[in-house]
Amino acid sequence: MAQKKGILDFQKMKKEGEKVTWLTAYDYPTAQFEEWGGIDMILVGDSMGMCVYGYSAGTMPVTMDQCIVHTEAVRRGAPNTYVMGDMPFLSYQTTPDEAVRNAGRFYKEAGVDAVKLEGGRRIVKMIKAIADAGMVVCGHIGLTPQSTGQFGGYKAQGRTAESACELIKDARAVQEAGAPLLLLEAVPPEVGRLITEELTIPVYGIGAGPYVDGQLLIVSDMLGLFQAFTPRFVKKYANLAEQTIKAMKDYVDEVKQAKFPEEKHYYKMIKGEFEKLMELLADSPS
Ligand code: KIV
């Protein structure tokens with residue numbers, strides 16, 4: 001089994017040009033598969049709002065308690081993988097104190113290696129407070145799903161010179177505030193490249209092109225499980241929804257047609273015990 005990676009490994013990988021592989025997970029079995037598949041880092045994303053809970057309001061209703069329960073399960077499934085907790089809406093935006101307390105819950109209750117917060121310059125006080133308390137913070141800028149109301153939907157960011165400039169300022173501020181990792185979401189590759197080359201910390205992307213230091217995908221997208229919509233940056237490596245529905249239909253057909261269970265699925269009585277049972281029943285009529 002590969003050794004669990006840490007922040008020093010991620011810095012070394014950036015220097016040596018080795019890409020980091022990063023996926024979300026929300027449960028124990030998926031975390032196991034990711035660890036066995038050699039994934040470097042797992043995010044227990046608040047995307048669970050869509051992928052697990054089916055909330056039409058996306059990530060916004062997700063609570064700290066839900067994140068903690070799912071992160072604990074992921075930690076148990078992937079004890080040798082870097083696990084990051086995703087701070088849900090209103091768990092860090094109000095005050096630095098509240099941000100520290102909630103980041104601390106991820107560490108104390110779920111055993112994470114890092115936490116992630118959405119936002120650039122407007123949340124530097126929270127990033128600094130969490131980092132000052134000794135925790136590892138990953139910044140997240142670009143399309144930040146907790147602010148899609150302000151963006152007018154799930155829209156790529158940094159597509160104009162002006163908006164790219166704002167993102168670059170945000171990236172600098174996040175690094176300056178003490179975050180040793182940064183995630184860029186849904187930005188053009190040129191912007192991904194500029195930020196990755198300028199910052200000394202590892203910069204990862206989800207829909208940020210090929211020049212970033214590592215790639216993140218939402219596991220439900222890449223496995224073809226999430227059906228509501230597919231962002232442009234998703235590559236489906238499997239179509240598990242199709243396979244799962246086919247398995248369900250085959251089960252329904254086989255049970256209805258008495259093709260399942262077959263003899264190999266039966267438990268056998270110990271030799272001679274059935275005859276004994278018949279005698280017992282004959283001796284004690286109901
Ligand atoms: O919650 C999540 O999975 C995320 C990704 C969209 C980056 O934050």
Side-chain angles (χ1 to χ4, degrees), residues 20-27 30-31 34 39-55 57-64 66-71 73-74 78 81-93 102-103 106 110 112-120 123 126-127 136-151 153-158 167 170-171 174 179 181-187 192 195 202-209 212-223 225-226 228-235:
V20 158
T21 56
W22 193 9
L23 283 178
T24 65
Y26 316 102
D27 57 43
T30 310
E34 292 184 9
I39 294 298
D40 293 314
M41 191 186 288
I42 298 177
L43 172 69
V44 189
D46 63 354
S47 47
M48 70 176 73
M50 284 109 98
C51 301
V52 177
Y53 289 96
Y55 294 146
T59 62
M60 302 303 262
V62 174
T63 64
M64 269 304 295
Q66 285 172 311
C67 288
I68 294 288
V69 168
H70 286 274
T71 309
V74 166
T81 305
Y82 199 84
V83 170
M84 187 182 294
D86 198 14
M87 297 193 65
F89 180 58
L90 280 196
S91 68
Y92 60 94
Q93 287 94 340
N102 282 320
F106 273 108
V112 297
D113 300 291
V115 293
K116 176 171 83 58
L117 277 71
E118 296 183 7
I123 58 143
M126 289 70 169
I127 294 176
V136 177
V137 187
C138 177
H140 176 177
I141 61 172
L143 196 184
T144 43
Q146 292 170 19
S147 312
T148 48
Q150 290 181 334
F151 299 147
Y154 288 88
K155 297 203 183 316
Q157 302 295 303
L167 279 180
D170 279 333
V174 167
L181 298 167
L182 176 66
L183 174 67
L184 296 179
E185 178 166 354
V187 303
I195 293 176
V203 177
Y204 305 136
I206 176 165
V212 287
D213 298 312
Q215 296 292 334
L216 168 66
L217 279 178
I218 292 187
V219 71
S220 318
D221 287 335
M222 63 89 76
L223 292 179
L225 283 166
F226 184 70
F229 60 91
T230 305
R232 181 188 176 89
F233 55 72
V234 169
K235 177 169 176 182

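Every number for a ligand or one of its atoms is a count from 1 in the order of the listing. For clarity, every value in this text was computed on a predicted model and none was experimentally measured.
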Q: Give a yes/no verdict on whether any heavy atom in K116 is under 4.0 Å from an atom of ligand 1.
A: yes
(Q) Show the atoms of ligand 1 that are less than 4.0 angstrom away from any heavy atom in G45. (A) 1 (O), 2 (C), 3 (O)
Q | Side chain H70, main chain Y26, donor-acceptor under 3.5 Å | A | yes
Q.
With respect to T24, determine whether any N or O atom, backbone or side chain, lies less than 3.5 Å from an N or O atom of ligand 1.
A. no
Q) What's the shortest heavy-atom distance between L43 and L216, and which atoms? A) CD2-CD2, 4.1 Å
(Q) Quick check: closest heavy atoms across D221 and P231, and the distance to 0.1 Å? (A) OD2-CD, 4.2 Å
Q | Exercise: identify the closest heavy-atom pair between V62 and C67 | A | CG1-SG, 3.6 Å
Q) What are the two closest heavy atoms between K235 and L217, and how far apart are they? A) O-CD1, 4.1 Å
Q.
Below the 3.5 angstrom mark, is there an N/O of D46, backbone or side chain, next to an N/O of ligand 1?
A. yes
Q. Can you tell me which residue and heavy atom of the protein come closest to atom 4 (C) of ligand 1, and the distance to 0.1 Å?
A. L43 CD2, 3.7 Å
Q: With heavy atoms only and a cut-off of under 4.0 Å, state how T59 meets ligand 1: side chain, backbone, both or neither.
A: neither
Q | Contacting atoms of ligand 1, where contact means under 4.0 angstrom from a heavy atom of L216 | A | 7 (C)
(Q) Within the 4.0 Å heavy-atom shell around H140, which atoms of ligand 1 are there? (A) 7 (C), 8 (O)
Q.
Using only atom types and a distance under 3.5 Å, with no angle test, would you say the side chain of T24 pairs donor to acceptor with the backbone of V219?
A. yes
Q: Do me a favour and list the nearest non-hydrogen protein atom to atom 6 (C) of ligand 1 with residue, atom name and distance?
A: E185 OE1, 3.5 Å
**Q.** L183: numbered ligand 1 atoms lying under 4.0 Å from its heavy atoms
**A.** 7 (C)
Q) Looking at ligand 1, does any of its N/O atoms fall within less than 3.5 Å of an N/O of S47? A) yes
Q. Does the ring centre of Y154 sit less than 6.0 Å away from the ring centre of F151?
A. no
Q.
Heavy atoms only, cut-off 4.0 Å: how does D86 contact ligand 1, side chain, backbone, both, or neither?
A. side chain
**Q.** Minimum heavy-atom distance between L182 and A171, given as atom pair plus value
**A.** CD2-CB, 3.8 Å
